[in-house]
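Reading through the structure tokens given below for one structure.
So you know, we letter chains A, B, ... as the sequences are listed, proteins then strands, and number each from 1. As the structure is a computational prediction, the values presented were derived from the model and not from experiment.
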Amino acid sequence: MPDVRVRIAPSPTGPLHIGTARTALFNYLYARHVGGTFVLRLEDTDQARSTEGFERDILEHLHWLGLAWDEGPAAGGRAERGPHGPYRQMARLPLYAEAAARLVAEDRAYPCYCSPDELEADRRAQEASRQPPRYVGRCATLTAAERAAREAEGRRPAVRFRIEPGVVAFDDLIRGRVEIDTAALGGDLVIVRADGTPLYHFTVVVDDAAMGITHVIRGEDHLSNTPKHILLFRALGHPVPAFAHLPLILNPDRTKMSKRKSQTAVRDYVAEGFVREALVNYLAYLGWSPGTEEDVLPLAEIAARFDLAAVQKGGAVFDRARLEWLNGQWIRRLADDDLVERLAPFLEADWAAGRIDRNPGPAEIAALLPLVRERLPVLGAIGELVGFLFSDAVAIDPALLVPKRWERATARAGLAEASRAIDAAGPEGFAVGPLEGALRGVAGANGWKAGDLFMAVRVALTGRTATPPLFESMVALGRERVLARLDRAARALEAETPA
RNA sequence: GCCCCCAUCGUCUAGAGGCCUAGGACGCCACCCUUUCAAGGUGGAGACCAGGGGUUCGAAUCCCCUUGGGGGCACCA
């Protein structure tokens, strides 16, 4: 058995899509599982929509996900890798031209002079008579003289591949045997545009053949197109690879996941603070499962257990809530210094955007880890959680300062008493245990519920009702600022309390 | 319209004829823990395995039909 070679062939017409990432992941998993080669190829023949920025985004995020390719194009300062280059289709144009010329020479393809208007008219007529859209074959049997006449008119031909009648069958690695009558393929297929640039169905086959791809693992949306590819492989005289069509990732309404209905750009998940481990873990479990009851598995472990035959056939709805849970699981599993490193950019961004007044250093972030680790569904939530520590002043809604069971005056008194007690305890008493003791003492002496007092103090210090543990937060804030915020909050209540 | 694929709790899934009065996870609801929020723990609701026919001693698992959903049918990828 020849070595397994798989590939991911993204088109740089948008930022890396969740679906592309999942397809890349499954190719990667299969390659790693069987010790094969994972190839990256850029399908940039749609020059109207492809951009360098998207290309960079795709490469960058595949890399971010940890899906390293064994062969691929030169990019981001890295040299091209692999013996089957170039790995960018626009650099392979001569190869397609040569292949197309061969097909035309063998009359397996022919020049087509139909104009876009003519084709559009055909399509409309078919639609009107409720016929499936299909090329009518106007140029299929043109004589040399007829072709010459059209050339003389200045018409530039596209190239169409003849779809022969018959049934094409293949054994999909996930779905089993699939048989499709070529009559359902829409007629002869354009493989080269009038401007000379090749089309997807053609380039994908020419390249998969040239690059020795043995297994084509891709989304189910290509299942119906597979016969076209098989026909092209045969016409080109190349062995047909094995196919595996993955179930689609779905919007909540069970349609194919789309930008319109879902967040599809990987970069947006990165920006929110999803970690690669969680995204990879989640994506792998969208359509595959280890068959055990383990939910949290690292990439290497998934690769070790991966099996194409175990892949689900039905589409899977992308469930953000589950991804967030998994993200929390992974955040809890990260090493301290690793987590600090990943958190830092988010705090820096908060600082740059003016949401906080100071950008904390690594040591400072590290000290907060025990307070935040279990409270972050995404890394980007860090600012909300501990921003009060790095802000000169916090905005406080006076209504929140008064716990449900309390009067405004009680809250004012409570804050004042708390401030007094903390002040009286001195710097030596400004530690988690003593602070809690002091405030419990204040509550007890006044007949207040400790929880109510704590809530008033919490809001005074942070502006929020949900925060990390209070006394740890106080220590992190520092004595001076605790006293200042307590006094300021008490005064705010005073100002609003009628004498 | 034509062709193809699919079908287990709301969601992701386990299940490859008897272990299933269908298991786990997310989400949801209680309770416990608790200074808030999380996390964690315990428990609960939630799927007559889309429906109907077969095959079989026995079917979520095999076959057929129906229904439903999705995808494809470009000089997009």
Side-chain angles (χ1 to χ4, degrees), chain A residues 9-14 20 43-46 48-50 112 114-116 119-120 123 126-127 129-135 157-160 172 175 178-181 183-187 189-195 197-201 203-204 219-228 245 247-248 250 252-256 282 285-296 309 312-326 328 332 372-377 385 403 436 439-440 443 449-455 457-459 462 464-471:
Chain A
S11 173
T13 53
T20 308
E43 306 214 326
D44 55 355
T45 55
D46 184 350
R49 293 194 297 152
S50 295
C112 171
C114 296
S115 69
L119 296 173
E120 180 56 32
R123 220 186 326 276
Q126 286 158 346
E127 204 172 313
S129 57
R130 318 184 98 194
Q131 295 296 305
R134 122 186 285 279
Y135 177 58
V159 178
R160 277 189 195 269
D172 190 280
R175 285 148 215 282
V178 176
E179 299 186 355
I180 296 177
D181 193 317
L185 263 29
L189 176 74
V190 176
I191 56 175
V192 180
R193 292 182 182 90
D195 71 2
T197 57
L199 257 11
Y200 169 75
H201 294 304
T203 59
V204 72
E220 191 196 330
D221 45 354
H222 284 105
L223 191 58
S224 303
N225 292 147
T226 303
K228 294 174 186 168
H245 288 92
L248 261 23
L250 276 20
D253 64 4
R254 304 201 73 87
T255 54
K256 180 164 77 164
Y282 179 74
Y285 275 58
L286 230 39
W288 176 84
S289 101
T292 64
E293 289 180 353
E294 299 155 288
D295 295 302
V296 185
Q312 203 81 12
K313 296 188 187 75
V317 174
F318 190 90
D319 180 1
R320 191 198 160 92
R322 192 178 166 84
L323 171 59
E324 278 192 18
W325 170 78
L326 204 48
R332 272 161 238 147
V372 301
R373 188 167 219 131
E374 318 256 277
R375 281 169 250 264
L376 292 173
L385 238 196
E436 179 169 0
L439 289 202
R440 283 191 189 280
K449 291 198 70 170
D452 288 334
L453 207 221
F454 294 171
M455 183 52 82
V457 171
R458 168 175 294 111
V459 172
T462 69
R464 298 177 174 277
T465 54
T467 70
L470 183 57
F471 303 104

* Side-chain N,O (T465(A)) to OP1/OP2 (rU36(B)) below 4.0 Å -> no

* Between rA39(B), rG1(B), rU36(B), which one does the side chain of R458(A) approach most closely? -> rU36(B)

* To do: With the side chain of Q312(A) defined as its heavy atoms from C-beta on, choose the nearest nucleotide among rG72(B), rC76(B), rA14(B).
  => rA14(B)

* Classify the nucleic acid contact of D221(A) as base, sugar-phosphate or nothing, counting any heavy atom under 4.0 Å across all strands shown. => sugar-phosphate

* Go through the structure and list residues passing side-chain contact (heavy atoms from CB on, under 4.5 Å) with S115(A), not counting sequence neighbours. => D117(A), E118(A)

* Taking the side chain of E436(A) as its heavy atoms from C-beta onward, which of rU35(B), rG72(B), rU11(B) lies nearest to it? -> rU35(B)

* Asked: What is the distance, rounded to the nearest whole Å, between atom CH2 of W288(A) and atom P of rU13(B)?
  -> 12 Å

* Structure fact -> E324(A) CD to rA25(B) C1', in whole Å, measures 16 Å

* Between rA59(B) and rA45(B), how far is it from one C1' atom to the other, in whole Å? -> 28 Å

* Looking at T255(A), does any N or O in its side chain come under 4.0 Å of the phosphate oxygens OP1/OP2 on rG69(B)? -> no

* Check if the side chain of R375(A) and the base of rC37(B) share a donor-acceptor pair of N or O atoms closer than 3.5 Å. => yes

* Asked: Applying a 3.5 Å limit to both distances, which nucleotide forms a Watson-Crick or G-U wobble pair with rA74(B)?
  -> none

* **Base paired to rC49(B) (Watson-Crick or G-U; both N/O distances under 3.5 angstrom)** => none

* In whole Å, what separates the P atom of rG51(B) from that of rA22(B)? -> 15 Å

* Counting just side-chain N and O atoms, does K228(A) come under 4.0 Å of either OP1 or OP2 of rC73(B)? -> no

* To do: Would you please test E294(A) and T292(A) for side chain to side chain donor-acceptor pair (under 3.5 Å) and show each step?
  => CA-CA 6 Å; E294(A) 299 155 288; T292(A) 64; 2.5 Å; yes

* Does a nitrogen or oxygen in the side chain of R123(A) sit under 4.0 Å from OP1 or OP2 of rG1(B)? -> no

* Does R160(A) place a side-chain N or O at less than 4.0 Å from the phosphate oxygens OP1/OP2 of rC75(B)? -> yes

* To do: Provide the Watson-Crick or G-U wobble partner of rA14(B), both distances under 3.5 Å; none if there is no partner.
  => none

* Would R322(A) count as a cation-pi partner of Y282(A), with NZ or CZ less than 6.0 Å from the six-membered ring centre and within 45° of the ring normal? -> no

* Which of the following nucleotides, rA74(B), rC75(B), rA25(B), is nearest to the side chain of R322(A)? -> rA25(B)

* Describe the nucleic acid contact of H245(A) in one word from base, sugar-phosphate, nothing, applying a heavy-atom distance below 4.0 Å. => nothing

* Keeping the roles fixed (side chain from E43(A), backbone from Y200(A)), state whether a donor-acceptor pair exists under 3.5 Å. => no

List every contact pair, protein side and nucleotides 41-43 of chain B side both N or O, where the distance is under 3.5 Å.
none

* Is any side-chain nitrogen or oxygen of R332(A) closer than 4.0 Å to OP1 or OP2 of rG40(B)? -> yes

* With sugar-phosphate meaning primed atoms plus P, OP1 and OP2, does R464(A) contact a base, only sugar-phosphate, or nothing at under 4.0 Å between heavy atoms? -> nothing

* Asked: So what does R130(A) touch, heavy atoms closer than 4.0 Å: a base, only the sugar-phosphate, or nothing?
  -> sugar-phosphate

* Any side-chain donor-acceptor pair under 3.5 Å between T462(A) and R458(A)? -> no

* Asked: With a 4.0 Å cut-off on heavy atoms, is P469(A) in touch with a base, just the backbone sugar-phosphate, or nothing at all?
  -> base

